Amino acid sequence: TSTSQTINWNRSWNVHHTRMQLRRASRECSRRGLKLASRWASEQLMGLAATPAQTDNNTRSMIVDDGHFALEECCQPNDTELYAMSLFDLGEYSRAAHALSTPSTSSAAHNAATASPSSDGSLLQLNPPRTNLTPLGIYLRAFSLYLEGERRKEEQVTELRDPLERSSVRNANLPRLEAELRLADSWGKLDAFGLYVYGVVLKSLRGTTHAPPLPPGGTRRRPFQQA
């Protein structure tokens, strides 16, 4: 991440600007299924004194100087991503990830979309991401895969009695996610939310044989996102 993308922490305190940032953070986190982060932003908002609307030039400059925030907020989902968002909201993470993956060219497409995971809980039949995904779609697919892997991991843990075996169960989708998000990051396709999921994946991989360093850009781009 270039230094031009860092936050100007020396900027004078402005309650109106902070309230506006928290409102946007709450809305965008909610749109991406980050419910606790959305609640956190809303709680901080409730603790700030209400201020009258400001429309002076200084306020306008503070509104537009956060380019990454505006970029993420203006990122509108395409039809496929909108469908995947509806599946995500219903907790159908596997179907959401399949909807955002490259369609199969054979009649096995339907079977792959409804197939059960492999013995280790990973979705081996899942195709690579669609090439036309927006940063929102990349985030949604990755987060869906992560949550589906966590769900399968919990199911496996409940079936085991040996504490040693239970502690060794891992989210089987992590290696695939790390490779895909690393590639997307190298192409500059991850927004702050995508970097958040990338960080979660890398943090989860710590303690395994492959644990790359955490990407630093997400917090600098979205200081009000406390996911």
Side-chain angles (χ1 to χ4, degrees), residues 1 5-54 59 62-77 81-82 84-93 96-97 134-151 153-154 171 174 177 181 184-185 190-206 213-227:
T1 306
Q5 297 173 346
T6 59
I7 302 299
N8 180 13
W9 298 109
N10 295 321
R11 184 168 54 190
S12 60
W13 168 259
N14 184 286
V15 177
H16 176 71
H17 179 253
T18 302
R19 285 180 59 84
M20 185 169 52
Q21 291 279 42
L22 287 170
R23 286 176 60 86
R24 296 158 84 181
S26 177
R27 182 170 59 249
E28 288 304 297
C29 287
S30 178
R31 186 162 75 128
R32 289 167 170 81
L34 301 174
K35 300 176 183 178
L36 294 179
S38 176
R39 186 185 68 180
W40 179 91
S42 298
E43 288 174 343
Q44 307 313 305
L45 185 64
M46 295 299 293
L48 293 177
T51 57
Q54 300 181 23
T59 302
M62 286 188 292
I63 293 174
V64 299
D65 65 359
D66 193 350
H68 290 286
F69 203 113
L71 176 64
E72 292 151 9
E73 199 170 24
C74 294
C75 182
Q76 297 300 318
E81 292 168 346
L82 196 62
M85 289 172 66
S86 69
L87 295 173
F88 181 91
D89 289 339
L90 291 172
E92 299 185 31
Y93 305 128
T134 67
L136 173 60
I138 294 173
Y139 157 82
L140 189 63
R141 182 181 181 278
F143 201 29
S144 296
L145 276 175
Y146 174 79
L147 292 177
E148 179 65 20
E150 288 295 297
R151 175 186 289 171
K153 182 182 75 172
E154 292 302 319
N171 184 330
L174 292 178
L177 280 171
L181 290 173
D185 187 35
L190 295 184
D191 62 6
F193 290 97
L195 288 171
Y196 157 70
V197 178
Y198 191 16
V200 169
V201 169
L202 295 181
K203 183 179 179 181
S204 300
L205 280 171
R206 287 184 173 180
L214 297 175
T219 304
R220 289 203 294 264
R221 295 183 186 183
R222 291 297 295 269
F224 289 92
Q225 178 194 323
Q226 298 294 318

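Along the sequence shown, residues carry numbers from 1. Quick caveat, the model's predicted, so the values are computed rather than measured.
- When all heavy atoms are compared, the tightest approach of V201 to L181 is CG2-CD1, 4.1 Å.
- If you take NE2 on H16 and CD on Q21, they are separated by 10.5 Å, rounding to the nearest 0.5 Å.
- Taking CG of N171 as the start and CD of E150 as the end, the distance is 4.5 Å to the nearest 0.5 Å.
- The shortest heavy-atom contact between S26 and S38 is O-OG, 2.9 Å.
- The closest side-chain heavy-atom distance from E28 to F193 is below 4.5 Å.
- By the side-chain contact (heavy atoms from CB on, under 4.5 Å) test, L147 is found to be paired with F88, Y93, F143, residues two or more places apart in sequence or in another chain being considered.
- Closest non-hydrogen pair, R32 versus D191, comes out as NH2-OD2, 3.7 Å.
- Counting only heavy atoms from C-beta outward, the side chains of S86 and L82 never approach each other to under 4.5 Å.
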side-chain contact (heavy atoms from CB on, under 4.5 Å) between L22 and W40, worked out: CA-CA 9 Å; L22 287 170; W40 179 91; 4.2 Å; yes

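- Of the inter-residue distances, the one linking D185 atom CG with L190 atom CG reads 5.0 Å to the nearest 0.5 angstrom.
- Separation of atoms CD (E81) and CG (L140) is listed at 7.5 Å; rounding is to 0.5 Å.
- For the atom pair M20 CE and N14 CG, the distance stands at 8.0 Å (nearest 0.5 Å).
- The minimum heavy-atom distance linking L136 with M85 is given by the pair CD2-SD, 4.2 Å.
- Residues passing the salt bridge (charged side-chain N to carboxylate O under 4.0 Å, His left out) test with E43, sequence neighbours excluded: R39.
- The closest side-chain heavy-atom distance from R19 to L45 is below 4.5 Å.
- For P77 against R31, the heavy-atom pair with the smallest separation is CD-NH1, 3.8 Å.
- A distance of 11.0 Å separates CG of L177 from OH of Y198, quoted to the nearest 0.5 Å.
- Side-chain contact between L174 and Y146 is present, with at least one heavy-atom pair separated by less than 4.5 Å.
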Step-by-step salt bridge (charged side-chain N to carboxylate O under 4.0 Å, His left out) determination, R151 to E148: CA-CA 5 Å; R151 175 186 289 171; E148 179 65 20; 3.5 Å; yes

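- Of all heavy-atom pairs spanning A84 and A96, the tightest one is O-CB, 3.7 Å.
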